[in-house]
Amino acid sequence: MPVYLVTGAAGFIGANYVQHLLEWESPDVEVIAVDYLGFAGNQANLDLVSDRVVFENADIADLDAMEEIYRRYRPDFVVNFAAESHNDRAILGPSAFMRSNALGAQVMAECSRLVPVRSHVHVSTIEVYGELAPWEKWFTERSPLNAKTPYSAAKAAGDQIVRAYMQTYPELNIRMTHCANNYGPYQLPEKLIPLAVTNLLRGRKVPVYGDGLQSRDWLHVADHCAAVHRVLHAELEPVPVRAATEPELLPIFDVSARHEVTNLDIADRVVTALGLDPAEWIEHIPDRPNHDRRYLIDPKKIETQLGWRPVHDFDAGLAETVTWYVEHRSWWERILEEKGELGFDWGAVAPGPLNAGGRVTTT
Ligand SMILES: NC(=O)c1ccc[n+]([C@@H]2O[C@H](COP(=O)([O-])OP(=O)(O)OC[C@H]3O[C@@H](n4cnc5c(N)ncnc54)[C@H](O)[C@@H]3O)[C@@H](O)[C@H]2O)c1
């Protein structure tokens, strides 16, 4: 029976992936779910499948701990979703991001070298390419890494070490994905869509940073999970020597539905979906420092080489997502009870070095 080791499994995308994996591969599969239950970790995200997965509370940046887990379970397939993921929190405390996103990526690749697996996917993000100029169409696998925020720079550092492993140890079968912004169930209400829904359901306004015209590329989380699974199982040619100067030949796949929407438009749609008036229920608040303005990525390589296509229509997917948060009130109320309010107000941060001052209630 194949053994899957999935890290970051108590987070948003990892938990969705574990649930889909059990649907796709069950009953002939053993799933080891690893997470250190950091700020965004929530073991309740695995409640529906808790009797079908083994949960390991471990830090992917701890080589001894992870090597021991690899030796104990001997995984065939590894998917590394684990990362610190919130741009706002990365500004206030970048070190944890470097540990999980850069060192953690290396430790995971190293474990797959020490205890060989059939394939290993490192899950990365569109944000490593930096900000897309207004005149550019989109990023591709050939685009240089040009991260400018602490979150995306830590992810880019992880990408660089994973690229080095791909080319130095090609027999390891390490692959990578860069995905657009995800939406769907189980996302921590510190991110735009669940923050908007959970605020509105409590009679609070939706906070929108600055003019709200920051533009993002949106993909349903189930489409992202299907892309990762396809990359994990793809029969790929060995990494050619030419990949050293032609990065699009590396086993890296950009994942997107080519669906660009501004943050303001997202807020507007969520307010409208709940039957409210955007003019009354959206408030503009000070922007976060160094906020990327625009991302869009081209999925042509994964479409043509692996036959992956997104199947979720954005309008229907967003409406279902809003309904999911409406129907799972106890899930997010428990999170807010434990963690407090999750919105940031950068206007409340005192001038001078940024530390812990950014988090306040947004009403
Ligand atoms: N959310 C998006 O829109 C998006 C888009 C593209 C790529 N990604 C990438 O997908 C992955 C998952 O993102 P997400 O949105 O589910 O994030 P998330 O913050 O919801 O979940 C991440 C999980 O990883 C765990 N984690 C963090 N550091 C860890 C460590 N050192 N050891 C063990 N567990 C650790 C956290 O506890 C959390 O449960 C990340 O690598 C992220 O960069 C996310």
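Every number for a ligand or one of its atoms is a count from 1 in the order of the listing. These values consider heavy atoms only, across backbone and side chains, with no hydrogens, waters or symmetry-generated copies.
- For R175, the salt bridge (charged side-chain N to carboxylate O under 4.0 Å, His left out) criterion is met by no residue, not counting sequence neighbours.
- Looking at N87 and E127, their side chains do bring a donor and an acceptor atom within 3.5 Å of each other.
- For ligand 1, the protein residues within 4.0 angstrom (heavy atoms only) are G8, A10, G11, F12, I13, D35, Y36, L37, G38, A40, G41, A58, D59, I60, F81, A82, A83, E84, S85, S100, V123, S124, T125, Y151, K155, C179, A180, N181, N182.
- Sorted by first and then second residue, the pairs that involve residues 141-158 and meet salt bridge (charged side-chain N to carboxylate O under 4.0 Å, His left out), not counting sequence neighbours, are E131-K148, R142-E248, K148-D292.
- Note on V115: it does not cluster hydrophobically with V162, by side-chain heavy-atom contacts below 4.5 Å among ILVMFWY residues.
- Clustering ILVMFWY residues whenever any of their side-chain heavy atoms sit less than 4.5 angstrom apart, transitively, puts V3 in a cluster other than the one holding V31.
- Annotation: ring-ring contact (aromatic ring centres under 6.0 Å, His included) contacts of H178 (sequence neighbours excluded): Y129.
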